[in-house]
Asks: 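Here it is: the structure, laid out below.
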Amino acid sequence: MATSKPAPVQLNFPPSSSMEVLFSKEEIAGRVKALGKQISEDYAGQSIVLIGVLKGAAIFLSDLARAISVDNTFDFVAVSSYGRARVSSGAVKLIKDIDNPIEGKHVIIVEDILDTGLTLSYLRGLMLQHMPASLKIATCLDKPERRLVPIEADYIAFQIPNQFVIGYGMDYAEKYRNVEDIRLFPEEAVGH
Ligand code: PRP
């Protein structure tokens, strides 16, 4: 008996230039500079370890690190990929841990987006087990409407409503991370 295969999922990749700009690269640079100044004042005379959450936070971290005038180093963690599975199960799995010890250090976890909060709640708990001197959170975007667990960032570049965005590190199916502005991804282009 012939079996029919399910149709392959069709993904549409409209050009980023067709998408509405939510925050221009100039607006982003302005906010990152302001956050860097605030962090530099808050940690005056101290050293900071920035921990970026791959992959989305890589671009924000690289800009933020250079906007901070106090001594800082960085490290990266990676967690299981985003999707319905995480939201329905609440499970987040660590794929890559930090490379260097953070005990006794001032740590800031750096995220591109704080959405349901599941990722940062998990990472905050994990990092606290390493006994840092202090632990804060910096995020480029905050979507408070979407929160499933109570967690807030200490440094936020922009708060946004529940809209799907790409650019400045954020992707749709791994594309658009290199787009310089943060743009609204058209919901109708999601072909599944
Ligand atoms: C995104 C983002 C955060 C997480 C936020 O990562 O970078 O890590 O989702 O969502 P939450 O608050 O609902 O947990 P994603 O899994 O898309 O991976 P990426 O960074 O590689 O794009």
Side-chain angles (χ1 to χ4, degrees), residues 9 11-14 16 19 22-23 25 28 31-32 35 49-65 74-99 102 107-130 132 135-187 189-192:
V9 172
L11 298 179
N12 295 319
F13 295 111
S16 61
M19 299 176 202
L22 187 60
F23 302 113
K25 62 180 178 180
I28 298 167
R31 285 298 298 139
V32 172
L35 287 185
V49 182
L50 302 173
I51 299 183
V53 186
L54 293 171
K55 299 171 196 160
I59 291 177
F60 177 47
L61 185 145
S62 71
D63 283 346
L64 187 64
F74 39 87
D75 207 335
F76 291 95
V77 291
V79 297
S80 49
S81 65
Y82 185 52
R84 290 200 183 97
R86 187 187 302 171
V87 174
S88 58
S89 69
V92 181
K93 192 170 148 227
L94 191 71
I95 293 170
K96 184 211 166 295
D97 205 346
I98 47 175
D99 293 330
I102 55 168
V107 173
I108 302 179
I109 304 176
V110 180
E111 263 288 24
D112 54 333
I113 187 159
L114 172 52
D115 191 355
T116 65
L118 291 168
T119 305
L120 275 171
S121 293
Y122 168 78
L123 285 173
R124 182 175 61 181
L126 201 67
M127 293 304 140
L128 285 173
Q129 290 174 17
H130 291 277
L135 183 65
K136 286 191 181 178
I137 293 170
T139 189
C140 181
L141 299 183
D142 180 23
K143 274 187 188 177
E145 274 176 41
R146 291 261 304 163
R147 209 78 88 243
L148 292 179
V149 288
I151 186 161
E152 298 305 328
D154 302 280
Y155 303 102
I156 299 166
F158 303 101
Q159 270 200 344
I160 61 166
N162 184 18
Q163 293 167 312
F164 194 99
V165 296
I166 56 90
Y168 200 62
M170 288 164 277
D171 72 311
Y172 169 66
E174 295 299 329
K175 278 180 69 74
Y176 307 113
R177 291 193 197 275
N178 63 324
V179 172
E180 291 181 291
D181 309 304
I182 295 174
R183 291 176 182 254
L184 292 175
F185 188 82
E187 299 287 342
V190 183
H192 54 93

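In each ligand, atom 1 is the first atom listed, and ligand 1 is the first ligand listed.
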Asks: For ligand 1, is there an N or O atom under 3.5 Å from any N or O atom of G56?
Replies: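 Yes, at least one N or O pair falls under 3.5 Å.
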Asks: Please confirm whether T116 comes within less than 3.5 Å of ligand 1 when only nitrogen or oxygen atoms on both sides are compared.
Replies: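 Yes: some nitrogen or oxygen of T116 is under 3.5 Å from one in ligand 1.
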Asks: Do you know which two heavy atoms are closest between Y168 and D63, and how far apart they sit?
Replies: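 So the two residues come closest at OH-OD2, 2.7 Å.
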Asks: With heavy-atom distances below 4.5 Å as the criterion, would you say the side chains of M170 and L141 are in contact?
Replies: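 When only atoms from C-beta onward are counted, L141 and M170 do touch, with a gap below 4.5 Å.
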Asks: Please find the pair of heavy atoms, one from L54 and one from F76, that lie closest to each other, and give the distance.
Replies: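 For L54 and F76, the tightest heavy-atom pair comes out as CD2-CD2, 3.6 Å.
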Asks: Just let me know how D112 lines up against ligand 1, side chain, backbone, both or neither, with a heavy-atom cut-off below 4.0 Å.
Replies: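 Side chain only.
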Asks: Answer yes or no: does an N/O atom from S80 fall short of 3.5 Å to an N/O atom of ligand 1?
Replies: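 No; the residue has no nitrogen or oxygen that sits under 3.5 Å from a nitrogen or oxygen of the ligand.
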Asks: Can you find an N/O atom of A57 closer than 3.5 Å to an N/O atom of ligand 1?
Replies: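 N/O-N/O distance under 3.5 Å: no.
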Asks: Could you tell me whether R177 approaches ligand 1 through its side chain, its backbone, both or neither, with non-hydrogen atoms closer than 4.0 Å?
Replies: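 For R177, the contact with ligand 1 is made by the side chain alone.
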Asks: Got P14 and Y176 here, is their nearest side-chain heavy-atom distance under 4.5 Å?
Replies: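 Result yes, sub-4.5 Å side-chain heavy-atom pair found.
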Asks: Below 4.0 Å from any atom of ligand 1, is there a heavy atom belonging to R146?
Replies: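 Not so, R146 does not reach ligand 1.
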Asks: Which ligand 1 atoms, with their elements, are less than 4.0 angstrom from a heavy-atom of L54?
Replies: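 So the answer, numbered in order with elements, is 20 (O), 21 (O).
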Asks: Just let me know how L148 lines up against ligand 1, side chain, backbone, both or neither, with a heavy-atom cut-off below 4.0 Å.
Replies: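 None of L148 does.
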Asks: Only heavy atoms of E111, strictly under 4.0 Å: list the atoms of ligand 1 that pass.
Replies: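 So the atoms of ligand 1 that pass are 2 (C), 3 (C), 7 (O), 8 (O).
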Asks: Looking at D115, is its backbone amide N or carbonyl O close enough to the side chain of R146 to form a donor-acceptor pair, meaning the two atoms are under 3.5 Å apart?
Replies: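 No; zero donor-acceptor contacts below 3.5 Å.
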Asks: Relative to the heavy atoms of D115, which atoms of ligand 1 are at a distance of less than 4.0 Å?
Replies: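 Going through ligand 1 atom by atom, the ones under 4.0 Å from D115 are 10 (O), 11 (P), 12 (O), 13 (O).
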Asks: Between N162 and K143, which heavy-atom pair has the shortest distance, and what is it?
Replies: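 That would be OD1-NZ, 3.9 Å.
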Asks: Identify, by atom number and element, the atoms of ligand 1 in contact range of K55, meaning under 4.0 Å from any of its heavy atoms.
Replies: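 Matching atoms, with element in brackets: 19 (P), 20 (O), 21 (O).
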Asks: Ignoring hydrogens and geometry, is there a side-chain-to-backbone donor-acceptor pair from R147 to I151 under 3.5 Å?
Replies: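 Yes: the side chain of R147 pairs with the backbone of I151.
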Asks: Within the supplied structure, the quantity of interest is the number of heavy atoms (other residues, nucleotides, ligands) at a distance under 6.0 Å from K96 NZ; does it exceed 12?
Replies: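 More than 12 heavy atoms, drawn from other residues, nucleotides or ligands, come within 6.0 Å of this atom.
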